[in-house]
Amino acid sequence: VDAAISPDGTRVATVMRVGSQYQLSVVHLPTRGTMPLGEPTDARLYGLTFSPDGNYVYFVEEPKDGVSVLSKVSIGGGSAQRVLSNIESGVTFSPRADELAYVRSGSQIGTRELVIASVDGDRSRPLVTTHGEQLFAPEGPAWSPDGERIACSVMDLSSGFRGFVGLVTVADG
């Protein structure tokens with residue numbers, strides 16, 4: 001269903017769908033060993049992203065009923081830790097690895113926001129909001145290496161879900 005490669009290229013995090021359940025795992029490429037990260041779940045898992053140091057896998061968990069949450073789990077296993085809720089995309093990390101950006105539902109119906117927050121999910125602030133017929137797509141944003149811009153996929157509903165990439169300036173939205 002989804003996959004992400006670690007910053008050092010030695011691991012791949014995957015989400016497999018088995019029947020109606022989702023399983024998050026990590027594969028160590030040199031040995032081809034696979035380790036499940038948690039138990040299979042009925043919640044949809046997507047938006048896999050490794051932390052910049054490669055020690056954690058961040059993922060979105062979308063329950064059948066309820067609000068989606070961003071969690072992280074150590075590549076060594078253990079329990080997942082909730083980072084934040086109300087999220088509709090994977091995350092991207094700032095070049096300094098002290099902030100992350102993601103897409104969430106806006107405060108008004110039919111809007112989505114590109115949000116910046118600290119890596120622990122605190123101090124979130126909307127950077128820009130889309131509304132009307134152009135909405136941020138659920139594919140996660142990407143932070144530029146210089147830290148000045150964030151690229152986001154945008155769906156244009158007026159053209160039959162045709163998409164484009166929008167660049168947002170971090171300094172002023």
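Remember, predicted model here, so these are calculated numbers, not experimental data.
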Residue that, paired with Val83, satisfies side-chain contact (heavy atoms from CB on, under 4.5 Å) out of Asp122, Val119, Leu70, Val69 = Leu70
Could you check if a side-chain atom of Tyr102 sits within less than 4.5 angstrom of a side-chain atom of Leu84, using non-hydrogen atoms only?
-> yes
Distance col, row Thr129:OG1 vs Leu114:CG, nearest 0.5 angstrom, shows 9.0 Å
For Met35 and Gly77, work out which heavy atoms get closest and say how close.
-> CE-N, 3.6 Å
Between Arg17 and Gly19, is there a donor-acceptor pair closer than 3.5 Å when you use the side chain of the first and the backbone of the second?
-> yes
Looking only at heavy atoms, what is the nearest atom pair of Val73 and Gly78, with distance?
-> CG2-O, 3.6 Å
Mind checking side-chain contact (heavy atoms from CB on, under 4.5 Å) for Asp8 and listing every partner two or more places apart, or none if nothing turns up?
-> Ser6, Thr10
Without swapping roles, check the side chain of Ser74 against the backbone of Gly76 for a donor-acceptor pair under 3.5 Å.
-> yes
If every non-hydrogen atom of Pro141 is compared with every non-hydrogen atom of Ser89, which pair is closest and at what distance?
-> CD-OG, 3.7 Å
Are Val1 and Val26 linked, directly or through other ILVMFWY residues, by side chains that come within less than 4.5 angstrom of each other?
-> yes
Examine the side chains of Ser105 and Glu88 and answer whether a donor and an acceptor come within less than 3.5 Å of each other.
-> yes
At what distance, to the nearest 0.5 angstrom, does OG1 of Thr92 lie from CD1 of Ile116?
-> 10.0 Å
Asp120 CG to Glu99 CD distance, which is reported to the nearest 0.5 Å | 11.0 Å
Does any non-hydrogen side-chain atom of Leu24 lie less than 4.5 Å from one of Leu48?
-> yes
Answer with yes or no whether the hydrophobic clustering places Phe50 together with Leu100; edges join I, L, V, M, F, W, Y residues whose side-chain heavy atoms lie under 4.5 Å apart.
-> no
Correct closest heavy-atom pair for Pro95 and Ser144 would be CG-O, 3.4 Å
With Tyr56, which residues qualify under ring pair (Phe, Tyr, Trp, His ring centres under 6.0 Å), at least two apart?
-> none
Where Ser51 and Tyr58 come nearest, the two heavy atoms and their spacing = CB-CE1, 3.8 Å
Can you get from Leu127 to Phe136 by hopping between Ile, Leu, Val, Met, Phe, Trp and Tyr side chains that sit under 4.5 Å apart?
-> yes
So CG of Asn55 and NZ of Lys72: to nearest 0.5 Å the spacing works out to 10.0 Å
Are Val103 and Ile87 connected in a single hydrophobic cluster, I mean Ile/Leu/Val/Met/Phe/Trp/Tyr linked by side-chain heavy atoms less than 4.5 Å apart?
-> no
Could you give the distance from CG (Asp42) to CD (Gln21), rounded to the nearest 0.5 Å?
-> 4.5 Å
Is any side-chain heavy atom of Val18 less than 4.5 Å from a side-chain heavy atom of Pro40?
-> no
Please tell me if the side chains of Tyr22 and Asp2 come closer than 4.5 Å, counting only heavy atoms from C-beta onward.
-> no
CG/Leu37 to OG/Ser71 distance, rounded to the nearest 0.5 angstrom?
-> 12.0 Å
Among Gln108, Arg104, Arg125, the one residue meeting side-chain hydrogen bond (donor to acceptor under 3.5 Å, both in side chains) with Glu113 = Arg104
Taking the six-membered ring of Tyr46 (Phe, Tyr or Trp), confirm whether the NZ or CZ of Arg44 is under 6.0 Å from its centre and within 45° of its axis.
-> yes
Shortest non-hydrogen contact from Gln23 to Glu39?
-> OE1-C, 3.7 Å
hydrophobic_cluster_shared for Val115 and Val91, side chain cutoff 4.5 Å = yes
